[in-house]
Participant: 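There's a structure below that I have some questions on.
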There are 2 protein chains.
Amino acid sequence: MGDKFDCLKISNQLCFPLYACSKEIVKRYKPYLDPIDLTYTQYITMMVVWEEKEITVKALGDKLFLDSGTLTPVLKKLEQKGYVKRSRSKDDERNLIITLTDEGLELKKQACEIPAKMGKCVQLSPDESAKLYELLYKILGSFPEES
Amino acid sequence: MGDKFDCLKISNQLCFPLYACSKEIVKRYKPYLDPIDLTYTQYITMMVVWEEKEITVKALGDKLFLDSGTLTPVLKKLEQKGYVKRSRSKDDERNLIITLTDEGLELKKQACEIPAKMGKCVQLSPDESAKLYELLYKILGSFPEES
DNA sequence: GTTGATTAAATTGTACACAATCCAATTGTA
DNA sequence: TACAATTGGATTGTGTACAATTTAATCAAC
């Protein structure tokens, strides 16, 4: 028995719990990230650099769904902390190559325990987590390549 | 055949697709929110005000998972645009009451089409959407009342 | 080979988001 | 009734996010 405005109820939105849940979980990383002096954005950036060893800002942005306006200051901060090196590509001077430093690699060891600790914070069964993961990537995959 | 660092791969995180998906969908609201001159945060704030007609900043913050540091400027902006009124409660001067104005009510009519338009942007079946909604609220519900 | 388009980063401006702190109003308790 | 503790908002400072613009390098035609 709803009126035509029911669609505007906050409880009928799918985006809102997504938005709220994302923020709440990111907030819960803080106690684990503070000791290694990283923000969440810096953390996921380091995750990619740990995997790739060497990557352009463009490729990093594609993986993280972030543009240069966000990444430039984040990467400068990470360079300042000594975890990455920023240098132009010899092949194509337009590309900025991000490289992992020894300190950056060292940091990886300290970050190693974080995923397990955070896992306990999300009260879903393995099946539910898998389903959520699947649905989220289904949405992300449905968006056109170039945003 | 993974090593002990596999847990730090971006593709093994549950939070990351949540974070990315939230941002990507919020971004896709822009074309629909621009014509009525609202940002996403202003939009969800108005959603609650449309439902409640009158609500304190505290209650608004509880519903939206936002604190006064975020809401104060958002509400001042909405007041400036003429959609809400901000006034102290007579009962308890600490409480700031947010009230819907006539212009605010008028805006609701123009916002009415947005949820349907956005719905088409998320390529999930009704069942999948319902499941996603359920899982997200399960996570949100598992967090302690006071953050 | 010059010029027009494209591309990758950086920059600028606006708007969150939140921790931490501050302040005024209210409440609880001795 | 004093007065300490609590509460609701506001403020300040830092760090994203992203649109829009700019700049420099490269590419594509011709």
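Chain A is the first sequence line, chain B the second, and so forth, proteins listed ahead of strands; every chain is numbered from 1. Just the heavy atoms: all of them, side chains too, but no hydrogens, waters or symmetry mates, feed the values below.
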Participant: Please state how far atom CD in Gln42(A) lies from atom C1' in dT16(D), giving the value in whole angstrom units.
Facilitator: 10 Å

Participant: Could you give the CG-to-P distance, from Leu33(B) to dC16(C), as a whole number of Å?
Facilitator: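 So the two atoms are 11 Å apart, to the nearest Å.
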
Participant: Between Leu71(A) and Lys30(A), which has a closest nucleotide on DNA chain C that is more 5'?
Facilitator: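 Closer to the 5' end of DNA chain C: Leu71(A).
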
Participant: Quick check for you: to the nearest 0.5 Å, what is the distance between Leu107(A) atom CG and Leu78(A) atom CG?
Facilitator: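 Nearest 0.5 Å value for the CG-CG distance: 9.0 Å.
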
Participant: Any idea which of dG8(D), dC18(C), dT26(D) is nearest the Lys58(B) side chain?
Facilitator: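 Nearest listed nucleotide: dG8(D).
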
Participant: With sugar-phosphate meaning primed atoms plus P, OP1 and OP2, does Leu66(B) contact a base, only sugar-phosphate, or nothing at under 4.0 Å between heavy atoms?
Facilitator: sugar-phosphate

Participant: Which nucleotide wins on minimum distance to the side chain of Glu93(B), given the candidates dC18(C), dA9(C), dA25(C)?
Facilitator: dA25(C)

Participant: So Asp34(A), base contact, sugar-phosphate only, or nothing? Heavy-atom distance under 4.0 Å.
Facilitator: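 Nothing, no nucleic acid heavy atom in range.
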
Participant: Between atom CD1 in Ile98(A) and atom P in dA8(C), what is the gap in whole Å?
Facilitator: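 It is 15 Å, rounded to the nearest whole Å.
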
Participant: Please state how far atom CG in Leu38(B) lies from atom C1' in dT14(C), giving the value in whole angstrom units.
Facilitator: 15 Å

Participant: Of Lys90(A) and Pro73(A), whose closest DNA chain D nucleotide lies nearer the 5' terminus?
Facilitator: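 Its nearest nucleotide lies further toward 5', so the answer is Pro73(A).
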
Participant: Among dC18(C), dA19(D), dG9(D), find the nucleotide with the atom closest to the side chain of Lys23(A).
Facilitator: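 For Lys23(A), the side-chain atoms sit closest to dC18(C).
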
Participant: Base, sugar-phosphate, or nothing: which does Thr70(B) touch, judged by heavy atoms less than 4.0 Å apart?
Facilitator: base

Participant: For DNA chain D, which residues of residues 76-87 of chain B approach it to below 4.0 angstrom with any heavy atom?
Facilitator: Lys76(B), Arg86(B)

Participant: Ignoring hydrogens, what is the shortest heavy-atom contact between Leu75(A) and Arg86(A)? Give both atom names and the distance.
Facilitator: O-CD, 3.7 Å

Participant: Hey, could you give me the SG/CZ distance between Cys15(B) and Arg28(A), rounded to the nearest 0.5 Å?
Facilitator: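 Answer rounded to 0.5 Å: 11.0 Å.
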
Participant: Decide yes or no, distance alone: a donor-acceptor N/O pair under 3.5 angstrom between the base of dA8(C) and the side-chain of Ser68(A).
Facilitator: no

Participant: If you find the nucleotide of DNA chain C closest to Tyr19(A) and the one closest to Ala59(A), which residue's nucleotide is nearer the 5' end?
Facilitator: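 Result of the comparison: Ala59(A).
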
Participant: Kindly compute the distance separating SG (Cys112(A)) from CG (Leu8(B)), expressed to the nearest 0.5 Å.
Facilitator: 5.5 Å

Participant: Would you please confirm or rule out a distance under 4.0 Å between OP1 or OP2 of dA17(D) and any side-chain N or O of Thr41(A)?
Facilitator: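 Thr41(A) to dA17(D) OP1/OP2: side-chain N or O found under 4.0 Å.
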
Participant: Does any N or O in the side chain of Thr72(A) come within less than 3.5 Å of the main-chain N or O of Gly69(A), such that one atom is a donor and the other an acceptor?
Facilitator: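 A pair under 3.5 Å: no.
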
Participant: Considering only dA17(C), dA19(D), dA17(D), which nucleotide approaches the side chain of Lys27(B) most closely?
Facilitator: dA19(D)

Participant: CZ of Arg28(B) versus C1' of dA19(D): gap in Å, rounded?
Facilitator: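 Taking atom C1' of dA19(D) as the reference, CZ of Arg28(B) is at 15 Å.
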
Participant: Give one of base, sugar-phosphate or nothing for Thr39(A), where a contact means two heavy atoms less than 4.0 Å apart.
Facilitator: sugar-phosphate

Participant: Any Lys/Arg nitrogen of Asp62(B) or Lys58(B) sitting under 4.0 Å from an Asp/Glu carboxylate oxygen of the other?
Facilitator: yes

Participant: What is the distance, rounded to the nearest whole Å, between atom CD of Glu24(A) and atom P of dA17(C)?
Facilitator: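 So the CD-P distance, Glu24(A) to dA17(C), works out to 12 Å.
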
Participant: With heavy atoms under 4.0 Å as the rule, sort Val74(A) into base, sugar-phosphate or nothing.
Facilitator: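 Touches sugar-phosphate only.
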
Participant: Choose from dA9(C), dA17(C), dA10(D) the nucleotide whose nearest atom is closest to any side-chain atom of Leu96(A).
Facilitator: dA9(C)

Participant: Tell me which nucleotide among dG9(D), dA25(D), dC18(C) gets nearest to the side chain of Arg94(A).
Facilitator: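 So the side chain of Arg94(A) is nearest to dA25(D).
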
Participant: Centre of Phe65(A)'s six-membered ring, under 6.0 Å away, within 45 degrees of the axis: is that where NZ or CZ of Lys23(B) sits?
Facilitator: no

Participant: Hey, does the side chain of Asn95(B) come within less than 4.0 Å of dT7(D)'s phosphate (OP1/OP2), counting only N and O?
Facilitator: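 For dT7(D), OP1/OP2 do not have a side-chain N/O of Asn95(B) under 4.0 Å.
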
Participant: Salt bridge or not between Glu24(A) and Lys27(A)? Use side-chain N to carboxylate O under 4.0 Å.
Facilitator: yes

Participant: Who is the Watson-Crick or G-U wobble partner of dT29(C), with both distances under 3.5 Å?
Facilitator: dA2(D)

Participant: Work out which heavy atom in Tyr19(A) is nearest to a heavy atom in Val26(B); give both atom names and the distance.
Facilitator: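 Smallest interatomic distance, heavy atoms only, reads CD1-CG2, 4.4 Å.
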
Participant: In whole angstrom, give the distance that lies between atom CG of Asp62(A) and atom P of dC18(D).
Facilitator: 13 Å

Participant: Provide, to the nearest angstrom, the distance between the CG atom belonging to Asp67(A) and the C1' atom belonging to dG15(D).
Facilitator: 15 Å

Participant: Is Arg88(B) close enough to dT26(C) that one of its side-chain N or O atoms is under 4.0 Å from OP1 or OP2 there?
Facilitator: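 Looking at the OP1 and OP2 atoms of dT26(C), neither is under 4.0 Å from any side-chain N or O of Arg88(B).
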
Participant: Does Tyr40(A) put a side-chain nitrogen or oxygen below 4.0 Å from OP1 or OP2 of dG15(D)?
Facilitator: no

